[in-house]
Amino acid sequence: MFNQKKFIVSHAPFWHDESKVSVRYYNILIATLPAVIFGIIQYGMPAVAVVSLSVSSAIFWELLMNRLTKRPITITDGNAALIGMLFAMLLPATSPWWLVVTGTFVAIVIGKHIYGGIGANPFNPVMVGIAILTLSWKGFLNFDQALLNYDLGYSMVYPLAALKNFGTVAIGAFSPGDLLLGRQSGGIGATFGLGLIIGGIYLMLRGFIRWEISVSFLAGVFITALIFHLFDGARFGGPVFHILTGYTLIGAIFLATEDSSSPANLIPMFIYGAGGGILTMLIRNIGIFHDGVVFAILIMNILNPLLDKIRPKAIGKVV
Amino acid sequence: MLKKLFGGLATPRIDYIPLEGRLPVPVNILLPPKVTLVLDIAMDAKDAILPKIGDTVKTGQKLTLVEDGRVYAISPATGTISAVTPFRGEMGQVGTAVLIDTAKKEDPDDQFAAAAQEPALASAAAFLAGLPGNPPFKVFGDPEKSIHTIVINGADGDLLVATQQFVVQSRIDAIAKGIAVLKRITGIENVTLAVPVNVMGGYGSIGAEVKFVDTAYPSALPHMILKDVLGKVIPAGKGAEDLGVCIFNAEAVASIGRAYEDGKIPFQKLLTVIKKDGSKGLVSARIGTPVKDILKAVGETVADRDRVILGGPMTGVSIYTLDYPVRPDTDALMIQDKDSIPFVSDYPCINCGECLRVCPAKIPINMLVRFLEAGQYQEAVDLYDLYACFECGLCSYVCVSRIPIFQYIRLAKYELNRIETAEVTNV
């Protein structure tokens, strides 16, 4: 028995498909790049500064919380970097440094770590961060005000604000093609619709996000916007306009699909997505905010645990 | 190792790799110097009558371990008993191992030959429970279960394993004889043979209805066969016999056929050997042959920190010593190199939902695992269908966080079973 070889003994299964948390989040980071790079080309160095600071400060807060809570260092899994990146994508390029750092603090520390870290957050951390900033420093997140000094060769009014204040007459200048190609003002990574869609399709094909949520979110926006538009075409914008402006696309693809705060069963995913889309349109059309994506997603996050109770009956379940 | 073969939109699936082209010729392993018999009774059990060291046994001799013959073993070889030791299996399973030093000259025992003249359930149950393929004769003796259907599983439950497929393709005559015997001794006319969909032809006069099993894992596991082939769903926590169905492996049926035809109990067990490099082959070894003798015969070497698995990659059992014997239900022997062993982690569940989509039993694993991690096993049963799990292992296979989900499930079932046993015995 003394020259017995020592084997690894464990329970089945002995295989793994080699997926990893870090691979998942790095792929989502890659998918954000088309939109982010376009934003950087549009807004120049200030955008680079915001994106860099946001990603790095998010990682810093994550590291700090890892140390404080005496847990393993998780900055390499890409989740903090992704939160920082998505957060930067929602901000105007002119955001001051303290706004970015505060925002990532709220997102990482309050939105994620207080609830127990990755996978335990009931709300999308990015949404928590941006919601608190929106409520606290309204002016910095008002794109008309923030991007006042920019002239990129097209109408620099924030489309959703123009629509809200002046009705559909004011948005006649925005053609869907221009909106899709990012010829509109807005967050650094939220305006280039085509880039977001490319990233989204990549993620759906690779299985890193749940397509059901994205598609039903957009369907919810589309149908609700259509109903409002048919009801009063002078006050409410059309469905295509609403899909291509504001945070709709980034919300549908990157924000509503956050793993921990969204449901995982089929029917709940459709309800969650569609609910988010409908709420977005209700807030935009009859609420006081220009864009409703942030609050719509936060509200649907609250419903998530309840929604995920709708599930298929397990095979062999006897009740 | 198989990678994920599917995109994000398609339903996840891993296919069984069928036995194709010309059938391989199994490598015949010579009778080893020592064989080990494993008996399902604790060595220190009160009513155990242990075999004596130094006794000689004949090939086919019945060793009764309990007075009433409930637990017995048939010696697979002629020789002298050299040791009797406790045997520990997976999940606290206890048994007794009897080591036999084999003699060069085989001396057959003819106890069974007399019984084989007139096939009967009693003689089958008394002599054939340890046949290659492990026929479940015990079920017929259970007065609470009335069996009305027999399903013969000609598909291998686990990935990479080709044993049962090989039996179906190469021993169809023996299976036909086995079916005839089974019908005669049990009186059950309702016999179904389930074979992989890609194994074609030659079942004309087999005496059973032939049905096909899909090629995607885990459709050849008993629960899925019953659901897809017979359209019967096994209630959570129950077995096929609770529905009146008894599942035999194809190899068991072929062995029964052969036993009654020859009047001799067959002891050669077929198994698929999956080497470190992924290549596989079939071997035929005497039941009781230690794993090390098989590895020597197929030219495979193992090193420290490798993994030696009895069974396939999804449902097998890893062992800690090469002295472990081939048992009647060992369908495969798999060696995994230390560099290709995937490790699990204590990372939290990120709720990605991969497990939900892959689970054939539709268990809400993303929620279940939270309760299992916290040790709240009863809640896991009541709220999240723990007992609906029929142990295919796919949840652990796809877990992005690499949580040992399936291991948690097995632990939970084991612990609950322990609590239940303790409650029963305390009354």
Side-chain angles (χ1 to χ4, degrees), chain A residues 1 4-25 71-72 74 77 79 116-121 202-213 257-266 269 304-305 308-309 311-319, chain B residues 1-4 7-9 90 223 227 233-236 238 302-309 311 313-322 334 336 338 341-342 347-354 356 360-364 366-367 385 388 393-394 396-402 404 406-407 410:
Chain A
M1 286 302 267
Q4 176 80 55
K5 289 206 170 72
K6 288 169 189 67
F7 302 126
I8 303 256
V9 181
S10 61
H11 283 302
F14 304 108
W15 274 357
H16 194 269
D17 69 357
E18 310 218 313
S19 57
K20 265 190 197 165
V21 173
S22 52
V23 169
R24 188 178 178 88
Y25 290 128
R71 287 190 180 192
T74 52
D77 66 15
N79 187 252
I118 188 167
N121 48 300
Y202 169 76
L203 292 178
M204 289 177 196
L205 291 180
R206 293 291 308 273
F208 291 123
I209 59 170
R210 301 193 273 269
W211 65 267
E212 293 91 341
I213 294 176
T257 55
E258 202 264 340
D259 286 318
S260 170
S261 56
S262 61
N265 282 310
L266 187 71
M269 284 196 283
N304 165 35
D308 231 0
K309 295 244 172 208
R311 56 188 169 91
K313 193 175 148 191
I315 290 186
K317 183 174 185 165
V318 212
V319 171
Chain B
M1 185 174 307
L2 287 180
K3 293 275 162 81
K4 215 194 252 187
L9 291 170
E90 213 194 12
H223 277 70
K227 179 169 161 279
V233 175
I234 301 178
K238 299 273 171 129
V302 289
D304 277 354
R305 299 168 62 75
D306 284 353
R307 192 147 59 186
V308 182
I309 301 154
M314 302 302 273
T315 58
V317 174
S318 61
I319 55 173
Y320 58 90
T321 166
L322 294 180
M334 177 172 166
Q336 207 173 20
K338 60 175 178 297
I341 293 177
Y347 215 78
C349 169
I350 60 164
N351 199 39
C352 69
E354 293 287 341
L356 284 183
K362 297 186 185 166
I363 298 170
N366 62 332
M367 293 309 294
D385 309 320
L394 279 173
S396 284
Y397 176 76
V398 299
C399 183
V400 171
S401 290
R402 302 194 172 217
F406 181 39
Q407 287 85 340
R410 305 259 324 249

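Chain letters run A, B, ... following the sequence lines, proteins first and then strands; every chain starts at 1. Note: hydrogens, waters and symmetry copies are ignored here, and every other heavy atom, side chains too, is used. Because the structure is predicted, anything quoted here is derived from the model rather than measured.
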Residues passing the salt bridge (Lys or Arg N to Asp or Glu O under 4.0 Å) test with A:R311, sequence neighbours excluded, are B:D385

The interface call for B:P235 against chain A, heavy-atom contacts under 4.5 Å, is both

Cut-off 4.5 Å, heavy atoms of chain A, and the answer for B:L356 is side chain

Hits for salt bridge (Lys or Arg N to Asp or Glu O under 4.0 Å) against A:D308, two or more places apart or cross-chain, chain-then-number order -> none

Handout entry: Intermediate values then yes/no, salt bridge (Lys or Arg N to Asp or Glu O under 4.0 Å), A:D77 and A:K20
Key = CA-CA 9 Å; A:D77 66 15; A:K20 265 190 197 165; over 6 Å; no

Worksheet entry | Any A:R24 side-chain heavy atom under 4.5 Å of B:I350 side chain | yes

Quick one: are A:K317 and B:K362 in side-chain contact, heavy atoms under 4.5 Å? no

One option among B:P313, B:A361, B:S401, B:C349 has the most heavy-atom pairs under 4.5 Å with chain A, and it is B:P313

* Do B:Q407 and B:S396 have a side chain donor and acceptor closer than 3.5 Å? -> yes

The interface call for B:K338 against chain A, heavy-atom contacts under 4.5 Å, is neither

Closest non-hydrogen atoms of A:D17 and A:S19, given as atom of the first, atom of the second and distance, are OD1-OG, 2.9 Å

Interface check, chain A: of B:P364, B:P348, B:G353, B:G311, most non-hydrogen pairs under 4.5 Å belong to B:P364

Applying a strict 4.5 Å limit to non-hydrogen atoms, the region of A:T257 in contact with chain B is neither

So, the part of B:P404 with a heavy atom under 4.5 Å from chain A: the answer is neither

The interface call for B:C352 against chain A, heavy-atom contacts under 4.5 Å, is both

Residues A:G207 and B:E354: closest non-hydrogen pair is O-OE2, 3.6 Å

Okay, A:Y25 and chain B: the region with an atom under 4.5 Å from a heavy atom over there is side chain

_Donor-acceptor contact below 3.5 Å, side chain B:D304 vs main chain A:K5_ = no

From the list B:M314, B:R402, B:R305, B:R410, the residue making the most non-hydrogen contacts under 4.5 Å with chain A is B:R402

When the 4.5 angstrom heavy-atom criterion is applied to B:M367 and chain A, the contacting part is neither

Cut-off 4.5 Å, heavy atoms of chain A, and the answer for B:T315 is backbone

Whatever's closer than 4.5 Å to a heavy atom in chain A on B:I319 counts as backbone

